[in-house]
Amino acid sequence: MWQFLTLSLLVSRATALVRPDGVGRVPALGWNSWNAYNCEIDADKILTAANEVVNLGLKSLGYEYINIDDCWSVKSGRDPTTKRIIPDPDKFPNGISGVADQVHALGLKLGIYSSAGLTTCAGYPASLGYEEIDAQSFAEWGVDYLKYDNCGVPTNLTDQYTYCVPDSTDGSYFPNGTCVNLTDAAPANYNWATSTTAKRYTRMRNALLNVNRTILYSLCDWGQADVNDWGNATGNSWRMSGDITPTWSRIAEIANENSFLLNYANFWGYPDPDMLEVGNGNLTLAENRAHFALWAVMKAPLIIGTPLSTIDQSHLTILSNAPLLTFHQDPLIGRPAYPYKWGYNADWTFDPAHPAEYWSGPSSAEALNGTLVVMLNSQETTQTRTAFWKEVPELKDLYRRGGGFRVRDAWTGNDLGCVRDKYSVRLGAHDVGVLVVGEVC
Ligand code: GAL
């Protein structure tokens, strides 16, 4: 049985999309225009973001992609002769290549956006049927990352069946996450890798693999068509949910959903719970902290989505957290942290308002030297959360009754000394404690 399981894991990982130069091996770090500016973008805003990534010290922490989202092109259509998408000359007077040159000169990389349909979500020309031409343009312009959305799909290319995404309105679901009541659900043995959605995304993958430039491929099909099954062979990351909003309820809901998908996350392929909202809306500091910590330990792509020229120091501090970023970018351990206890709920409970509260994962980094332990308070009032060493999978074999570990608080950097048996923390509503648990003491 174990042999079989190990083999099937190896087989499934062997199909991951492996790219040159380690591109996409660990989850991406960067910035994207959408959550910050929606359609209101231009070269100045993109270059300001790039410069701020350098000035604020984010580049030296590993943030590298500066990604242009929807609304960058001439809306009325492609060049009638070349059939290329035309960068909007008002927004991007030096084209996308002009921006790419400047972003590259800062030692950063440039990302762009299109859709596996006829139009993007905001109604701009998209790449279905033009995959080769567009991949070629992106490569010539110096693009390093493509986010590929799922809007503008013509009716003759919609899927035969509906796949139930828990946060969509496609079907209702039981509290444990099992979908019911889908009138057009697929038969049990249906292979979603043969769906038209998978085919639309595969066409662009093949086009990208045929150009003379390594372009990270980020799928954005919102979790549809069982993308977890074929996303790993198709792209470097794949959105597993609908859009995030800067609200705690949405962040908790997506974290809950993604917590059940973490066996899909490892080197070269990551489920993507959407871009960061740190710094946006009315999220409290605690909520910003919890959002970032959960995304980092789930090894989500960490794509900042707030205007960097006006960012608060407190939000910048969260995005700059060294232990979390070190864990996230681990060069030797690909797996994320997993929940080891749900806490508020019984284990394995699917609850959009109360994701798992206790998480742990191993790190190979000398700076961390051990295990990251995360404790979340998913409740609306201040609560105590306690990590018992005997319950933490990475620690329990080393733990002896009355024994301790050297512990650091990842937010304050404070050395908490030799902590015996357990560590308790008082957490405000939606706050998170992050511990770096080191050697036995
Ligand atoms: C959505 C996508 C968002 C953003 C938007 C642009 O489909 O999930 O992240 O890219 O389209 O219109």
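Read the numbers this way: they start at 1 and go in the same order the structure lists the ligands and their atoms. Atom set for the values below is all heavy atoms of this structure, side chains included, hydrogens, waters and symmetry mates excluded.
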Task: Sub-4.5 Å side-chain heavy-atom contact between F138 and L146 - done: yes

Task: D167 side chain near E257 side chain, heavy-atom distance below 4.5 Å - done: yes

Write out the residue and atom name of the closest protein heavy atom to [atom], then the distance separating them to 0.1 Å.
atom	answer
atom 12 (O) of ligand 1	D70 OD2, 2.8 Å
atom 8 (O) of ligand 1	D243 OD1, 2.5 Å
atom 1 (C) of ligand 1	D149 OD2, 3.1 Å

- [ ] Heavy atoms only: give me the nearest V143-I215 pair and the separation to one decimal.
- [x] O-CG1, 3.4 Å

Task: Contact summary for R200 and V153, nearest pair of heavy atoms - done: NH1-CG2, 3.3 Å

- [ ] Check step by step if ring pair (Phe, Tyr, Trp, His ring centres under 6.0 Å) holds for Y344 and W342.
- [x] CA-CA 6 Å; Y344 178 84; W342 264 244; over 10 Å; no

For [X], atoms of ligand 1 separated by under 4.0 Å from a heavy atom:
X	value
R239	8 (O), 9 (O)
K147	3 (C), 4 (C), 9 (O), 10 (O)
C121	1 (C), 7 (O), 11 (O), 12 (O)
D69	4 (C), 6 (C), 10 (O)

- [ ] Examine D274 against ligand 1 and note whether any of their N/O atoms are separated by less than 3.5 Å.
- [x] no

TODO: Examine W34 against ligand 1 and note whether any of their N/O atoms are separated by less than 3.5 Å.
DONE: no

Identify every side-chain donor-acceptor pair in residues 117-127 under 3.5 Å, counting partners at least two apart or on other chains, and give the distances.
from : atom 1 : to   : atom 2 : distance (Å)
T120 : OG1    : D70  : OD1    : 2.8
T120 : OG1    : D70  : OD2    : 3.2
T120 : OG1    : A122 : N      : 3.3
T120 : OG1    : G123 : N      : 3.3
T120 : OG1    : Y124 : N      : 3.0
S127 : OG     : S114 : OG     : 2.6
S127 : OG     : D134 : OD2    : 2.7

- [ ] Check C220 against ligand 1 and report side chain, backbone, both or neither, counting heavy atoms closer than 4.0 Å.
- [x] side chain

Task: D159 side chain to T162 backbone, donor-acceptor under 3.5 Å - done: no

